[in-house]
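Read through the structure below, which is laid out as structure tokens, and then see the notes.
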There are 2 protein chains.
Amino acid sequence: MTYSIAQAAEHSGLSIDTLRYYERIGLVDPPARDSGGRRSYSDDDLGWLVFLTRLRTTGMPIRMMREYAQLRHRGAATAGRRKQMLFEHRASVRARIAELQSCLEVLDYKISHYEEIEHTFIEGITA
Amino acid sequence: MTYSIAQAAEHSGLSIDTLRYYERIGLVDPPARDSGGRRSYSDDDLGWLVFLTRLRTTGMPIRMMREYAQLRHRGAATAGRRKQMLFEHRASVRARIAELQSCLEVLDYKISHYEEIEHTFIEGITA
DNA sequence: GTAGAAGCTGGAGTGCGCTCCAGGTCAACC
DNA sequence: GGTTGACCTGGAGCGCACTCCAGCTTCTAC
């Protein structure tokens with residue numbers, strides 16, 4: 001199967017402009033072109049795009065995604081380094097989750113504080 | 001207790017420049033000044049700064065923090081709206097955590113895939 | 001009374017990650 | 001064969017959240 005840029009955008013959740021941008025900065029390999037010079041994405045291309053969106057969602061900076069892409073391009077010999085990158089990135093995602101969870105506690109506390117205020121206010125009225 | 005801008009920066013984890021920037025854009029009230037015209041932060045000021053850093057850490061955009069700050073400035077009458085904001089923000093933080101966790105699964109999968117490759121490689125050598 | 005550290009102001013600059021635009025090509029349908 | 005719509009390119013522009021700078025003042029210590 002091949003896909004137009006609009007279909008690739010739809011499938012990956014990236015915009016058409018972002019797809020061209022990613023190609024320009026070397027994050028994705030230039031896809032094949034059809035007879036009219038238009039981009040024609042393969043299933044593999046789409047798989048890579050989707051994986052990239054996962055990395056992006058987890059906050060990996062583009063320069064790191066590009067580094068990963070370049071290693072991938074150099075083949076199996078770089079598998080260890082790529083694994084290492086994902087390993088470290090996973091640790092940072094876990095740390096980020098922990099950080100968010102600790103902030104959630106602050107939010108919970110604040111919200112319960114506001115609820116207490118409301119409560120006091122209602123008691124004040126009904127008293 | 002009062003604190004110099006350097007101490008406020010130290011305590012909040014924000015940079016001195018960021019403190020002045022937050023003041024400029026109306027995220028924090030201008031603190032008191034000492035006899036020489038220098039900023040002199042109170043414990044309350046610091047508490048607010050620390051809370052702001054929690055909001056920022058959880059990804060609340062500055063314009064929303066500013067809205068919150070403005071409501072806070074208008075006193076108890078806006079408590080309900082502030083609570084509502086925190087409530088909604090908490091939901092978005094939870095959603096963000098869920099999103100990160102689902103991406104973690106993808107990372108786990110990818111990493112285990114690399115481990116499998118390593119394994120196969122070693123078997124290939126020792127065979 | 002002078003050197004050095006810390007702070008002040010207004011404004012310019014930065015890095016990131018897109019996003020938009022003008023002006024052109026190409027294919028398909030009426 | 002003319003219009004429409006999707007796609008093309010190179011390059012400019014944008015929003016966010018800072019960060020840095022020049023040139024000045026003020027306090028502290030010697």
Side-chain angles (χ1 to χ4, degrees), chain A residues 2-42 45-46 48-69 89 92 96 99 103, chain B residues 2-42 45-46 48-69 89 92 96 99 103:
Chain A
T2 64
Y3 308 86
S4 71
I5 194 165
Q7 288 169 324
E10 168 78 13
H11 187 88
S12 64
L14 298 164
S15 74
I16 290 177
D17 271 315
T18 299
L19 288 178
R20 288 196 280 243
Y21 165 67
Y22 279 7
E23 187 182 328
R24 243 187 344 235
I25 64 173
L27 207 48
V28 307
D29 293 335
R33 299 283 178 139
D34 68 13
S35 61
R38 290 157 196 206
R39 289 171 181 78
S40 174
Y41 293 83
S42 69
D45 291 337
L46 258 61
W48 174 239
L49 283 174
V50 168
F51 180 58
L52 279 183
T53 63
R54 297 290 171 267
L55 294 182
R56 190 195 59 161
T57 296
T58 50
M60 185 183 279
I62 279 190
R63 63 176 177 287
M64 204 178 300
M65 291 198 274
R66 194 160 56 187
E67 192 185 329
Y68 187 91
H89 183 59
S92 85
R96 175 75 180 134
E99 184 180 53
C103 288
Chain B
T2 64
Y3 308 86
S4 69
I5 194 167
Q7 288 169 324
E10 168 79 11
H11 188 87
S12 64
L14 298 164
S15 75
I16 290 176
D17 272 315
T18 300
L19 287 178
R20 288 194 281 243
Y21 165 67
Y22 279 7
E23 186 181 329
R24 246 189 341 236
I25 63 172
L27 207 47
V28 305
D29 293 336
R33 298 284 178 136
D34 69 13
S35 60
R38 290 156 195 205
R39 288 171 182 79
S40 173
Y41 293 84
S42 69
D45 292 336
L46 257 60
W48 174 239
L49 283 175
V50 169
F51 180 58
L52 280 184
T53 63
R54 298 289 171 269
L55 294 182
R56 189 194 61 159
T57 296
T58 50
M60 184 182 280
I62 279 190
R63 65 178 175 285
M64 203 178 299
M65 292 197 273
R66 196 160 55 188
E67 192 185 329
Y68 186 92
H89 183 58
S92 85
R96 175 72 180 137
E99 184 180 52
C103 288

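All values derive from a computational prediction rather than experimental measurement. Order of the sequence lines fixes the chain letters, A, B, ..., with proteins taken first and strands second; residue numbering starts at 1 for each chain.
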N or O in side chain of [X] less than 4.0 angstrom from [N] OP1/OP2:
X      : N       : value
R20(A) : dG17(C) : no
Y22(B) : dA17(D) : no
R39(B) : dG7(C)  : no
S4(B)  : dG7(C)  : yes
S15(B) : dC20(D) : no

Report the distance from atom [atom1] of [X] to atom [atom2] of [N], rounded to the nearest whole Å.
X      : N       : atom1 : atom2 : value
E10(A) : dA6(D)  : CD    : C1'   : 15 Å
I16(A) : dC20(C) : CD1   : P     : 12 Å
M64(A) : dC16(C) : CE    : C1'   : 14 Å
L55(A) : dG17(C) : CG    : C1'   : 15 Å
L52(B) : dA17(D) : CG    : P     : 12 Å
R33(B) : dT26(D) : CZ    : C1'   : 13 Å
E23(A) : dC18(C) : CD    : P     : 15 Å
I25(A) : dG17(C) : CD1   : C1'   : 8 Å

Out of [options], which has the shortest distance to the side chain of [X]?
X      : options                   : result
T18(B) : dG7(C), dA27(C), dC18(D)  : dC18(D)
R38(A) : dC8(D), dC18(C), dG11(D)  : dC8(D)
R24(B) : dG10(C), dT9(C), dC18(C)  : dG10(C)
Y21(A) : dG7(C), dG10(C), dT19(C)  : dT19(C)
R56(A) : dT19(C), dC18(C), dC7(D)  : dC18(C)
P61(B) : dG11(C), dC26(C), dA17(D) : dA17(D)

Applying the side-chain contact (heavy atoms from CB on, under 4.5 Å) criterion to S12(B), which one of L19(B), T18(B), L46(B) satisfies it?
L19(B)

In terms of side-chain geometry, is the basic nitrogen of R96(A) or E99(A) positioned less than 4.0 Å from the acidic oxygen of its partner?
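The answer is yes: the pair qualifies as a salt bridge.
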
Of D17(A) and S40(B), whose nearest nucleotide on DNA chain C comes first from the 5' end?
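The residue mapped nearer the 5' terminus is S40(B).
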
Flag the pair Y41(A) / V28(A) as yes when at least one side-chain heavy-atom distance between them is below 4.5 Å, and no otherwise.
no

If you define the side chain from C-beta out and look only at heavy atoms, does anything of L49(B) sit under 4.5 Å from Y3(B)?
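Of all side-chain heavy-atom pairs linking Y3(B) with L49(B), none is under 4.5 Å.
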
Fit a plane to each ring of W48(A) and Y68(A), take the angle between them on a 0 to 90° scale, and name the class: parallel (under 30°), tilted (30 to 60°) or perpendicular (over 60°).
parallel

If I take atom CG from residue D45(A) and atom NE2 from residue H11(A), how far apart are they, to the nearest 0.5 angstrom?
11.5 Å

Between M60(B) and S35(B), which is nearer to the 5' end of DNA chain D once each is assigned its nearest nucleotide?
M60(B)

